[in-house]
2 protein chains.
Amino acid sequence: MARQGSVSAKPTPSLRIGEVARRTGLPVKTIRYYCDEGLLQPRARSESGYRLFDEENLAELTIIRSLRAMDVSIPELARILEVRRAGVCNCSVLKDSIAAKMESINLRIAELAAMKEELARLLGSWQDCGGLKPDR
Amino acid sequence: MARQGSVSAKPTPSLRIGEVARRTGLPVKTIRYYCDEGLLQPRARSESGYRLFDEENLAELTIIRSLRAMDVSIPELARILEVRRAGVCNCSVLKDSIAAKMESINLRIAELAAMKEELARLLGSWQDCGGLKPDR
DNA sequence: AAGAACCCTCTACCGGGTGGAAGCTTTCCC
DNA sequence: GGGAAAGCTTCCACCCGGTAGAGGGTTCTT
């Protein structure tokens, strides 16, 4: 297998947005949106104004992606990432926010289960109109 | 048991929107919104332009409220209510839509369960940064 | 007859993106 | 080297399911 190109790894790989999208699986527009919302700060801009990202940004996007999938809101994510960026261990912030999230997930699951029962009940109760005025 | 009040029940009670809101527990604005979206058709308008509702509208709002609580979308509700209004037995439409809804609820529950596990895993994996750089 | 309570329409905003237009820059291929 | 294609930029508008407020007309109570 041929080596990937140059001899030594550059310290600042300077990924452009398309590459980041390819690597994270997120749409380009969404990444831009996250930048606009302050979730993600590109390492720099090229002379021509292109956003330049680094590995750290990729890591952040991975976090964003997982937590968004768990319905963590953008402002909450912003707070989490800010703390993380500040370099301090943000265990307590994360733990609080994750615990809250688990709580709300449990609630939501209970709600959904209730809905399921309700739907089943509804389905049952509507069975008996079958003989009333069949539409075919 | 005493009879409900007057001698003969009026055929067209002509409820105004505030009364409907009071009875259904829905905000006035939401009821107007449902009218705008075509979910609900007020029986008539007063000379001064007020929406006038009847008992049937109340029944529809009850359906709307329950199904909305189960995340049935507005367009889907519109279809359901249209069929219902047409007078035919809409069992099959409802059954299809409810079955689909239950399917998606099951999916959602599975997703949430997966999230919960993921969160638990996350919570566990972040425990061990406690010694790295404690913020207090 | 006044004032409160009610109702109307219209416009704008929320979150979390997504789509498209118009205009640069970079890359590819001949 | 030159032109096309792909990639990037900003900006504006749209999606859903409402909700808030402005500005003005109507009905009810006193």
Side-chain angles (χ1 to χ4, degrees), chain A residues 5 13-54 57 60-61 63-81 97 101 104 108 111 115, chain B residues 13-54 57 60-61 63-81 101 104 108 111 115:
Chain A
S14 284
L15 307 161
R16 287 189 312 190
I17 201 166
E19 177 69 11
V20 173
R22 225 176 36 70
R23 288 214 206 171
T24 59
L26 288 167
V28 167
K29 290 241 171 188
T30 301
I31 297 170
R32 256 185 229 125
Y33 172 72
Y34 289 158
C35 292
D36 290 350
E37 294 303 301
L39 280 194
L40 197 62
Q41 280 137 356
R43 193 184 46 72
R45 291 275 182 146
S46 77
E47 287 195 16
S48 53
Y50 288 14
R51 289 171 185 84
L52 299 177
F53 300 89
D54 56 14
N57 289 137
E60 288 178 339
L61 271 176
I63 292 174
I64 291 170
R65 206 160 71 106
S66 325
L67 296 191
R68 273 301 302 137
M70 296 169 210
D71 277 334
V72 175
S73 75
I74 302 276
E76 183 145 8
L77 261 174
R79 276 190 290 126
I80 290 171
L81 290 173
S97 128
K101 194 49 60 187
S104 79
R108 186 74 186 133
E111 280 174 12
M115 276 185 205
Chain B
S14 286
L15 308 161
R16 286 188 314 189
I17 201 165
E19 178 69 11
V20 173
R22 225 176 37 70
R23 288 215 206 171
T24 60
L26 288 167
V28 167
K29 291 236 170 190
T30 301
I31 297 169
R32 258 187 226 123
Y33 173 72
Y34 288 158
C35 292
D36 291 350
E37 294 303 302
L39 279 194
L40 197 62
Q41 279 137 358
R43 193 184 47 71
R45 289 275 183 147
S46 78
E47 286 195 14
S48 53
Y50 288 13
R51 290 171 186 83
L52 299 176
F53 300 89
D54 57 13
N57 289 137
E60 287 178 340
L61 272 177
I63 292 174
I64 291 169
R65 208 160 72 104
S66 324
L67 296 191
R68 273 301 301 138
M70 295 169 208
D71 277 334
V72 175
S73 74
I74 302 275
E76 183 146 6
L77 261 174
R79 276 189 290 125
I80 289 171
L81 290 174
K101 194 50 60 185
S104 78
R108 186 72 187 136
E111 279 173 13
M115 276 185 204

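Every chain is numbered from 1 and lettered A, B, ... according to where its sequence line falls, protein lines coming before strand lines.
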OP1 or OP2 of D:dG18 under 4.0 Å from side-chain N/O of B:R65: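 No.
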Measure across A:Y34 and A:R68 and return the closest heavy-atom pair with its distance rounded to 0.1 Å.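 That closest heavy-atom pairing would be OH-CG, 3.7 Å.
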Indicate the atoms forming the closest heavy-atom contact of B:N57 with B:Q41, along with that distance.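 Shortest heavy-atom separation between B:N57 and B:Q41 comes out as ND2-O, 3.0 Å.
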Nearest-0.5 Å distance, [atom1] of residue [X] to [atom2] of residue [Y]:
X     : Y     : atom1 : atom2 : answer
B:E37 : B:T30 : CD    : OG1   : 11.5 Å
B:I80 : B:S73 : CD1   : OG    : 8.5 Å
B:L77 : B:E60 : CG    : CD    : 10.5 Å
A:L52 : A:S14 : CG    : OG    : 4.5 Å
A:I31 : A:L39 : CD1   : CG    : 12.0 Å
A:K29 : A:I17 : NZ    : CD1   : 10.5 Å

Spacing of A:R51 atom CZ relative to D:dT9 atom C1', expressed in whole Å: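 Going from CZ in A:R51 over to C1' in D:dT9 covers 7 Å.
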Scan residues 19-40 of chain B against DNA chain D and write down, sorted by residue number, each residue with any heavy atom closer than 4.0 Å; if none is found, say none.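 Output list: B:P27, B:K29, B:T30, B:Y33, B:Y34.
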Nucleotides bounding contact with chain B, strand DNA chain C, heavy-atom threshold 4.0 Å: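 So the outermost contacting nucleotides come out as C:dC6 to C:dT9.
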With sugar-phosphate meaning primed atoms plus P, OP1 and OP2, does A:S73 contact a base, only sugar-phosphate, or nothing at under 4.0 Å between heavy atoms?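 Since only primed, P, OP1 and OP2 atoms lie under 4.0 Å of A:S73, the category is sugar-phosphate.
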Can you name the atoms? Protein N/O to nucleotides 2-7 of chain D N/O, anything below 3.5 Å, with the distance.
from: D:dG7; atom 1: N2; to: A:Y50; atom 2: OH; distance (Å): 2.6

In terms of side-chain geometry, is the basic nitrogen of A:E111 or A:R108 positioned less than 4.0 Å from the acidic oxygen of its partner?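 Counted as a salt bridge, because a side-chain N and a carboxylate O are separated by less than 4.0 Å.
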Which residue lies toward the 5' end of DNA chain D, B:S48 or B:V72, if each is placed at its nearest nucleotide?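 Comparing both residues, the 5'-ward one is B:V72.
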A:R16 and A:R51: CA distance, side-chain angles, deciding distance, side chain to side chain contact (heavy atoms under 4.5 Å, CB included) verdict: CA-CA 6 Å; A:R16 287 189 312 190; A:R51 289 171 185 84; over 6 Å; no
